[in-house]
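This report refers to the structure that appears directly beneath it.
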Amino acid sequence: MTKYCLTVACPTTRGIVAAISGYLAEKGCNITDSSQFDDMENDQFFMRVSFLSEEGVGLEELRADFAETAKAFGMVSAFHDEAEKMKVVIMVSRFGHCLNDLLYRWRIGALPIEIVAVISNHMDYQKVVVNHDIPFHCIKVTKENKPQAEAEQMRIVRDSGAELIVLARYMQVLSDEMCKAMSGRIINIHHSFLPSFKGANPYKQAFERGVKLIGATSHYVTADLDEGPIIEQDIIRVTHAQSPDDYVSLGRDVESQVLARAIHAHIHRRVFLNGNKTVVFPPSPGSYASERMG
């Protein structure tokens with residue numbers, strides 16, 4: 001039996017859940033996991049359903065025959081085969097902690113994605129990427145060549161069929177054009193001090209102010225720098241006894257974990273854009289299981 005998921009967003013009204021569950025039952029499908037949310041302030045409804053096609057009905061038939069129901073409720077809906085791995089391009093500069101963490105999670109199957117390319121503006125991680133049999137592209141970015149550099153980056157994304165770009169500490173600001181072209185499909189990670197500690201050495205600034213919590217935020221990239229809809233966040237407590245270098249090391253760990261969780265939510269279709277915010281449903285049972293160890 002094939003396992004699929006259905007995602008739905010539409011204006012809130014009565015009868016949506018009944019229509020969806022009734023349709024799936026008629027198609028010989030058994031729901032195994034379901035999450036829903038009514039945003040009463042904005043009159044929006046969101047739902048994600050995992051189900052087994054017990055009588056062999058395929059994606060094309062499911063999509064085609066659901067069109068009438070989707071139209072009746074004004075739904076934005078999509079069916080997906082949960083066995084298909086999303087194609088991802090990772091972009092990185094000179095901080096490699098997030099890249100290395102993602103490569104490990106990918107290798108053991110904890111992140112079921114297909115990394116189709118790694119793009120960097122430096123050569124630091126060429127060897128580690130190539131050793132994983134992943135195409136590596138070094139594209140230098142300057143003020144003078146930025147449009148040409150981004151055009152080459154987008155060519156790689158298009159040619160590879162990538163559905164998602166992950167900025168794993170990529171230290172270049174993307175143009176408004178690139179953000180719009182990949183709206184809702186670029187995930188970034190940064191420390192959670194923004195907007196309190198901007199610019200260079202944010203951890204040193206935090207140390208000098210004696211903060212007690214440091215953390216990380218992963219969000220979708222928009223034209224508003226570091227202000228896109230938030231997907232995942234986490235923190236770790238620090239004390240007066242820690243040094244600025246301790247802050248950096250602890251921050252790297254949090255950044256890696258938060259970015260991985262944000263990607264996990266996106267590739268499993270658990271994230272819904274809701275204006276300037278997101279709706280993030282909990283993971284389905286078994287979705288964190290690894291294919292292998294080490």
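Along the sequence shown, the residues carry numbers beginning at 1.
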key: Audit row: L111, I263, side-chain contact (heavy atoms from CB on, under 4.5 Å) steps and yes/no   = CA-CA 8 Å; L111 267 183; I263 296 169; 4.1 Å; yes

ask   = Are S249 and D246 close enough that a side-chain donor and a side-chain acceptor fall under 3.5 Å?
value =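 No, no side-chain donor-acceptor contact under 3.5 Å.
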
inquiry  = Side chains of S256 and D101 only: does a donor on one sit below 3.5 Å from an acceptor on the other?
reply    =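 No.
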
Indicate yes or no: at least one non-hydrogen side-chain atom of [X] is less than 4.5 angstrom from one of [Y].
X    : Y    : value
V92  : D124 : no
I186 : L174 : yes
Y125 : V118 : no
T217 : V258 : no
R63  : S77  : no
I90  : L99  : yes
Q205 : R209 : no
I214 : H191 : no

message = Check this for me: does any side-chain nitrogen of one of K180 and E177 sit under 4.0 Å from a carboxylate oxygen of the other?
response =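 So K180 does not pair with E177 through a salt bridge.
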
request  = Salt-bridge test for K277 and D39: reply yes if a basic N is under 4.0 Å from a carboxylate O, no otherwise.
outcome  =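 A salt bridge is absent here (no side-chain N lies under 4.0 Å from a carboxylate O).
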
task = Begin with the C-alpha distance, continue with both residues' side-chain angles, and end with the deciding distance and a verdict on side-chain contact (heavy atoms from CB on, under 4.5 Å) for I115 and L103.
result = CA-CA 9 Å; I115 304 176; L103 289 174; 4.0 Å; yes

Rounded to the nearest 0.5 Å, how far apart are [atom1] of [X] and [atom2] of [Y]?
X    : Y    : atom1 : atom2 : value
L167 : Q172 : CG    : CD    : 11.0 Å
L62  : K27  : CG    : NZ    : 7.0 Å
S53  : F79  : OG    : CZ    : 10.5 Å
I189 : C98  : CD1   : SG    : 6.0 Å
I113 : K85  : CD1   : NZ    : 9.0 Å
N100 : R252 : CG    : CZ    : 11.0 Å

Closest heavy-atom pair and its distance - [X], [Y]:
X    : Y    : value
R269 : R48  : O-CD, 3.4 Å
S21  : A18  : OG-O, 3.2 Å
A262 : S218 : CB-OG, 3.2 Å
P282 : R270 : O-CD, 3.3 Å
Y247 : Q242 : CE1-CB, 3.7 Å
V211 : V238 : O-CG2, 3.5 Å

Tell me whether [X] shares a hydrophobic cluster with [Y], the cluster being built from Ile, Leu, Val, Met, Phe, Trp, Tyr side chains joined at under 4.5 Å.
X    : Y    : value
I31  : Y23  : yes
M91  : I139 : yes
L273 : V280 : yes
M182 : I230 : no
M86  : I156 : no

inquiry  = Please evaluate residues V116 and V89 with respect to the criterion side-chain contact (heavy atoms from CB on, under 4.5 Å), reporting the C-alpha separation (whole Å), side-chain torsions for both, the decisive distance (0.1 Å), and the verdict.
reply    = CA-CA 6 Å; V116 293; V89 167; 3.8 Å; yes

Centroid separation F197 to Y203 less than 6.0 Å =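 Not close enough - the centres of the two rings lie 6.0 Å or further apart.
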
task = Determine, using ring centers only, whether H266 and Y220 are less than 6.0 Å apart.
result =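 They qualify: ring centres under 6.0 Å apart.
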
ask   = So, does K146 use its side chain to make a donor-acceptor pair with the main chain of S175 at under 3.5 Å?
value =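 It does not hold such a pair.
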
ask   = Above 12 or not: heavy atoms from other molecules or residues under 6.0 Å from NZ of K127?
value =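 For K127, atom NZ is not crowded (no more than 12 foreign heavy atoms under 6.0 Å).
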
key: Flag if over 12 foreign heavy atoms under 6.0 Å of CG, D38   =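 Above 12, so yes.
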
inquiry  = Evaluate R237 against T239 for side chain to side chain donor-acceptor pair (under 3.5 Å), listing each step before the verdict.
reply    = CA-CA 7 Å; R237 182 169 290 278; T239 75; over 6 Å; no

Parallel, tilted or perpendicular, as decided by the 30° and 60° cut-offs, for the rings of [Y] and [X]:
X    : Y    : answer
H190 : H219 : tilted
H132 : W106 : tilted
H264 : Y288 : parallel

Result of checking F51, Y4, F66 against L24 for side chain to side chain contact (heavy atoms under 4.5 Å, CB included) =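 Answer to the side chain to side chain contact (heavy atoms under 4.5 Å, CB included) test with L24 among F51, Y4, F66: F51.
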
query = Please walk me through it: do N121 and Y170 pass side-chain contact (heavy atoms from CB on, under 4.5 Å)?
reply = CA-CA 8 Å; N121 52 334; Y170 180 68; 3.8 Å; yes

